[in-house]
Amino acid sequence: MKGKVHMQIDILSLFPEMFVSPFESSIVKRAREKGVVNINLINLRDFARDRHQQVDDYPYGGGAGMVMKADVIMRAVKAVRKEHSQVIYLSPRGRPLSQALVRELAAASHLVLLCGHYEGIDERAYTVIDQEVSIGDYVLTGGEIPAMVVTDAVIRLLPGALGAEESPEEESFTGGLLEYPHYTRPQEVEGLKVPEVLISGHHQNIERWRKKQALKRTLLQRPDLLLERNFDEEERQLLMEIIFTREEHDGQ
Ligand code: ADE
């Protein structure tokens with residue numbers, strides 16, 4: 001493969017078996033096989049040092065829940081970290097994951113994803129963490145699913161992860177907007193037809209239609225995405241059409 005960029009992702013978890021199936025399917029599997037990414041699943045329990053291989057303990061000061069032990073986390077991170085590693089702790093307190101953050105992470109050569117459980121981690125473990133990332137404002141039972149989300153989103157941006165037919169460029173021309181509607185054969189399903197413009201072969205009209213649909217969907221479903229947008233002339237015009245034209249059956 002030309003200009004092979006190899007990323008390593010080490011995942012520190014108490015439940016490494018959770019990752020097996022998602023990482024052995026589809027594009028992630030293919031990327032691993034192609035050598036685009038190397039994923040290591042590491043069991044945090046291997047870094048416990050006491051007789052019972054204890055990874056968590058009761059909180060000082062009392063209260064509900066268990067706290068993951070700092071020494072276990074620090075030992076594990078130190079065992080895997082290299083000079084240019086980005087150590088990320090998945091937690092609902094973290095920086096919200098966005099495509100911009102995914103792009104940042106995809107530029108690293110080594111990601112260490114630390115998955116927490118129970119009430120959280122001993123505060124002193126933060127000394128070995130570079131950033132805390134959240135996948136959304138809801139609470140999951142642990143950091144494993146968020147680590148899968150981060151891994152999946154990062155891998156699809158790595159050179160060579162997607163085939164020639166697939167494009168990671170969510171910016172191609174509708175960047176920052178929701179996707180336009182897609183259609184494939186047949187031309188009619190239960191009386192539902194493919195919009196005429198898509199079978200017209202007129203590429204400029206098709207692009208304009210797609211852009212308009214993307215704008216319309218975004219306006220209706222995610223208006224927040226439009227707030228920071230710098231609209232170009234064509235987009236302004238399309239928006240005017242959307243707002244001031246009565247359209248039947250979503251035709252044009
Ligand atoms: N761990 C538990 N909930 C989480 C979330 N929403 N994001 C990241 N890590 C988490």
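It should be emphasised that the depicted structure is a prediction, and the values quoted were computed from it without experimental measurement. First listed ligand is number 1; within each ligand, the first listed atom is number 1. In this chain, residues are counted from 1 in sequence order.
Defined by atom type and a distance below 3.5 Å, a donor-acceptor pair is missing between the side-chain atoms of H117 and D56.
Across S25 and S21, no two heavy atoms sit closer than the pair OG-O, 2.8 Å. The shortest non-hydrogen separation linking R49 to D46 is NH1-O, 3.4 Å.
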Below 3.5 Å only, please: the N or O atoms of ligand 1 paired with protein N or O atoms, distance on each line.
from	atom 1	to	atom 2	distance (Å)
ligand 1	3 (N)	L140	N	3.0
ligand 1	6 (N)	G136	O	3.1
ligand 1	6 (N)	Y138	O	2.8
ligand 1	7 (N)	I135	N	3.0
ligand 1	9 (N)	S91	N	3.1

Run D71 and R75 through salt bridge (charged side-chain N to carboxylate O under 4.0 Å, His left out) and show every step you take. CA-CA 6 Å; D71 63 300; R75 229 179 271 121; 2.9 Å; yes
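Between Y126 and Y89, the angle of the ring planes goes over 60°, which puts this pair in the perpendicular group of the 30/60° scheme.
Within a 6.0 Å sphere centred on CD of E188, heavy atoms belonging to other residues, nucleotides or ligands number more than 12.
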